[in-house]
Amino acid sequence: MAIAWDSDTNAISGTTAPTMDVLKADLDLWVMAPSGDLKSTSTSWDNSFEIVEFTASLTGTYTAEVRAYRFQGQSEYLAVAWWTGAREDY
């Protein structure tokens, strides 16, 4: 499972290149098992994405939580992706 979000630049759309690129959010990704126990987390601080990889060891619904460790903006676009397949080791 992964999340990604935007950063803010000082570029004027289509006319100038950005000279700064600021992350106004530090979001963390937590995955909870059906039992309510914490299964996996990603809590990096210096990028605009979090990725967790885990094996679902219990049957049931796993819950993903996006937690704002720091949020200095008014809003933020957020993308979420997950894959339910099995990983093959070669």
Inset, instruction - Not counting sequence neighbours, list each pair that qualifies as a side chain to side chain donor-acceptor pair (under 3.5 Å) and has a residue in residues 73-84. - result: none

Verify the cluster assignment for [X] and [Y]: are they in a single hydrophobic cluster under the rule of side-chain heavy atoms below 4.5 Å apart?
| X | Y | value |
| --- | --- | --- |
| L78 | V22 | no |
| M32 | Y62 | no |
| W30 | V80 | no |
| I51 | L38 | no |

Euclidean distance, [Y] [atom2] relative to [X] [atom1], rounded to 0.5 Å:
| X | Y | atom1 | atom2 | value |
| --- | --- | --- | --- | --- |
| N47 | L23 | CG | CG | 7.5 Å |
| F49 | I3 | CZ | CD1 | 10.5 Å |
| E53 | M1 | CD | CE | 12.5 Å |
| E50 | S40 | CD | OG | 10.5 Å |

Inset, instruction - Taking atom CZ of F71 as the centre, report whether more than 12 heavy atoms of other residues, nucleotides or ligands fall under 6.0 Å from it. - result: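 For F71, atom CZ is crowded (more than 12 foreign heavy atoms under 6.0 Å).
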
Legend entry - Under 3.5 Å: donor-acceptor pair, side chain of W5, backbone of L27: no

For residues [X] and [Y], report the shortest heavy-atom separation together with the two atoms involved.
| X | Y | answer |
| --- | --- | --- |
| T43 | D28 | CA-OD1, 3.3 Å |
| A64 | L29 | CB-CD1, 4.3 Å |
| A33 | L58 | CB-CD1, 4.4 Å |

Inset, instruction - Go through the steps to decide whether K39 and S57 satisfy the test side chain to side chain contact (heavy atoms under 4.5 Å, CB included), and finish with yes or no. - result: CA-CA 10 Å; K39 180 66 177 176; S57 54; 3.2 Å; yes

